[in-house]
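The figures that follow rest on heavy atoms only: side chains count, while hydrogens, waters and symmetry mates do not. Each chain gets a letter, A, B and so on, in the order the sequences are listed, and its residues count up from 1.
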Amino acid sequence: MPELPEVETIVRSLRDGGQFGPSVLGRRVDAAYVDWPRTIAEPEAESFQGLILGRSITAVSRRGKHIVLHLDEGFLVIHLRMSGDLRVEEAFDAAGEAVPFRKHDRVGLTFHDGYRMVFHNPRKFGRMWLTDNTRHLFKKLGPEPLDDALTREDFFIMLQHHKRQIKPLLMDQTFLAGMGNIYTDEALFAARIHPLTISHQISAEQAGVLLEEIRAVLQEGIRRNGSSIDWAYRGGTFQNEFQVYQRTGEDCPVCGTEIERIVVGQRGTHFCPHCQPLL
DNA sequence: CACGTCACCTGCGTGC
DNA sequence: TGCACGCAGGTGACGT
């Protein structure tokens, strides 16, 4: 469930407490459980278990789709990829017995006060890095779409610098950090831009509209606590606002034309052929 | 540089 | 019921 709005929702819950459990701030790691060692991208999984012990979480932030737990020494960075999920829960039952981990729980960090944070990750794509410095992880990431420092003019110039199909370009994390399949389809629909449009051919005015629509769908996604679909229910409600995503064959909410599905860059892509003509 | 393909994984819905 | 297949919110490594 991981695009920018879902990651931001999790970050806020980890920081402030919320629908996914209490805050992790101030909690100290007392024990580490690793079910799938490849989850630990850095350092080696064996050394990770010892190195994380005794460290406390002092802040929680986000960069693109990465969750950043700031520790009193270093950082724990988490990427959920396709199917990752975090929850914070009590690690022991009333009798003091450890609550068993669930199927697909890959990593568990038990805190000094009896709570734990669990990384649930059915498809095993998600990764964690325990590192003293995050620079090497983020150096290639593009700007944050919600950062006001990114202007419409900047965005137009960025588009002019590439001759690529707009959809894969928006999903390229080195171009812009945080967009995924859902919010890209929704933003392109809102901006009335065909997903195969070559970035280079988008006018300055259209670029401005696109940036604003990207921000609008991301902000609405955050406001609704992200999207919940199928197996990965997270309590979000943005799925109820989808205009085109997963609505193949249904009527376009604007003009009534049937929503089409094509494949772009190996990803299912949904758009209205009438509202989003390929110029 | 841009794009297609495959790989990494598991689970679910569909159609035969 | 069983089974093959296609599909899924992501990304990185290749080859052309």
Side-chain angles (χ1 to χ4, degrees), chain A residues 1-11 35-42 62-67 77-86 102-107 119-129 136-142 145 158-188 195-201 214 217-218 220-222 224-249 261-270:
Chain A
M1 47 152 304
E3 293 184 45
L4 189 154
E6 290 76 29
V7 175
E8 179 65 23
T9 300
I10 292 174
V11 162
D35 164 82
W36 182 252
R38 290 175 63 181
T39 305
I40 314 298
E42 179 188 342
R62 178 187 62 73
R63 178 72 174 97
K65 300 175 190 172
H66 299 259
I67 296 163
V77 179
I78 302 167
H79 197 303
L80 303 170
R81 291 280 180 91
M82 289 284 270
S83 62
D85 198 6
L86 289 174
R102 300 178 200 168
K103 191 174 185 182
H104 305 315
D105 283 346
R106 306 302 181 192
V107 174
F119 187 16
H120 185 260
N121 190 205
R123 291 175 70 181
K124 298 180 176 173
F125 292 163
R127 293 290 181 265
M128 287 185 171
W129 298 258
H136 63 115
L137 295 176
F138 301 152
K139 67 181 173 193
K140 292 169 91 173
L141 284 183
M158 286 165 61
L159 293 175
Q160 290 291 111
H161 283 335
H162 293 274
K163 266 185 170 166
R164 293 177 58 183
Q165 298 168 339
I166 188 62
K167 167 154 179 176
L169 182 60
L170 293 178
M171 291 181 62
D172 182 337
Q173 303 300 296
T174 69
F175 179 78
L176 197 61
M179 297 295 284
N181 208 34
I182 292 178
Y183 294 90
T184 300
D185 279 4
E186 294 296 320
L188 288 172
L196 294 179
T197 304
I198 304 303
S199 55
H200 197 240
Q201 298 176 178
I214 285 170
V217 296
L218 292 177
E220 187 63 9
I222 292 170
R224 298 192 176 265
N225 296 322
S227 309
S228 307
I229 41 184
D230 306 333
W231 38 276
Y233 181 69
R234 293 286 312 189
T237 58
F238 188 70
Q239 69 279 7
N240 300 324
E241 313 301 318
F242 291 167
Q243 305 291 295
V244 289
Y245 183 75
Q246 277 192 350
R247 296 192 65 242
T248 311
R261 180 185 184 279
I262 58 176
V263 175
V264 182
Q266 332 294 100
R267 310 303 300 275
T269 297
H270 316 75

So which nucleotide from [options] ends up closest to the side chain of [X]?
{"X": "A/Ile229", "options": "C/dG10, C/dG9, C/dT11", "value": "C/dG9"}
{"X": "A/Lys65", "options": "C/dG9, C/dG10, C/dA8", "value": "C/dG10"}
{"X": "A/Gln266", "options": "C/dA8, C/dT11, B/dC6", "value": "B/dC6"}
{"X": "A/Gln165", "options": "B/dC9, B/dC3, C/dA8", "value": "B/dC3"}
{"X": "A/Arg164", "options": "C/dG9, B/dT10, B/dA2", "value": "B/dA2"}

Would you say [X] places a side-chain N or O within less than 4.0 Å of OP1 or OP2 belonging to [N]?
{"X": "A/Lys103", "N": "B/dG11", "answer": "yes"}
{"X": "A/Arg267", "N": "C/dC7", "answer": "no"}
{"X": "A/Arg38", "N": "B/dC9", "answer": "yes"}
{"X": "A/His104", "N": "B/dG11", "answer": "yes"}
{"X": "A/Gln173", "N": "C/dG10", "answer": "no"}

Of A/Val264, A/Thr197, A/Thr184, A/Ile198, the residue whose pairing with A/Ile166 passes side-chain contact (heavy atoms from CB on, under 4.5 Å):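 Of the listed options, the one satisfying the test is A/Thr197.
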When you compare [N] with [M], how far apart are their [atom1] atoms, in angstrom units rounded to a whole number?
{"N": "B/dT5", "M": "C/dC7", "atom1": "P", "answer": "14 Å"}
{"N": "B/dG11", "M": "C/dT11", "atom1": "P", "answer": "22 Å"}
{"N": "B/dC9", "M": "C/dC3", "atom1": "P", "answer": "24 Å"}
{"N": "C/dG9", "M": "B/dC3", "atom1": "C1'", "answer": "23 Å"}

Would you indicate what A/Tyr183 reaches in the nucleic acid, counting non-hydrogen atoms under 4.0 angstrom: base, sugar-phosphate, or nothing?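 Touches nothing.
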Under 4.0 Å, heavy atoms only, any strand: does A/Arg261 hit a base, just the sugar-phosphate, or nothing?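 Result for A/Arg261 = sugar-phosphate.
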Just name whichever nucleotide pairs with B/dC1, Watson-Crick or G-U, keeping both distances under 3.5 Å, else none.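 Base partner found: none.
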Counting only Watson-Crick pairs (N1-N3 plus N6-O4 or O6-N4) and G-U wobbles (N1-O2, O6-N3), all under 3.5 Å, who is the partner of C/dG6?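 Because both required distances fall under 3.5 Å, C/dG6 counts as paired with B/dC12.
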Under the criterion of centre distance below 5.5 Å and interplanar angle below 30°, is A/Phe125 classified as stacked on the base of B/dC8?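 Given the distance and angle limits, yes, they stack.
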Taking all non-hydrogen atoms of both residues, which atom of A/Tyr245 and which atom of A/Asn181 are closest, and how far apart?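 Nearest heavy atoms, A/Tyr245 then A/Asn181: CE1-ND2, 3.9 Å.
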Minimal non-hydrogen separation, A/Leu80 against A/Pro2, with atom names: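 Closest approach of A/Leu80 to A/Pro2, heavy atoms only: CB-CB, 3.9 Å.
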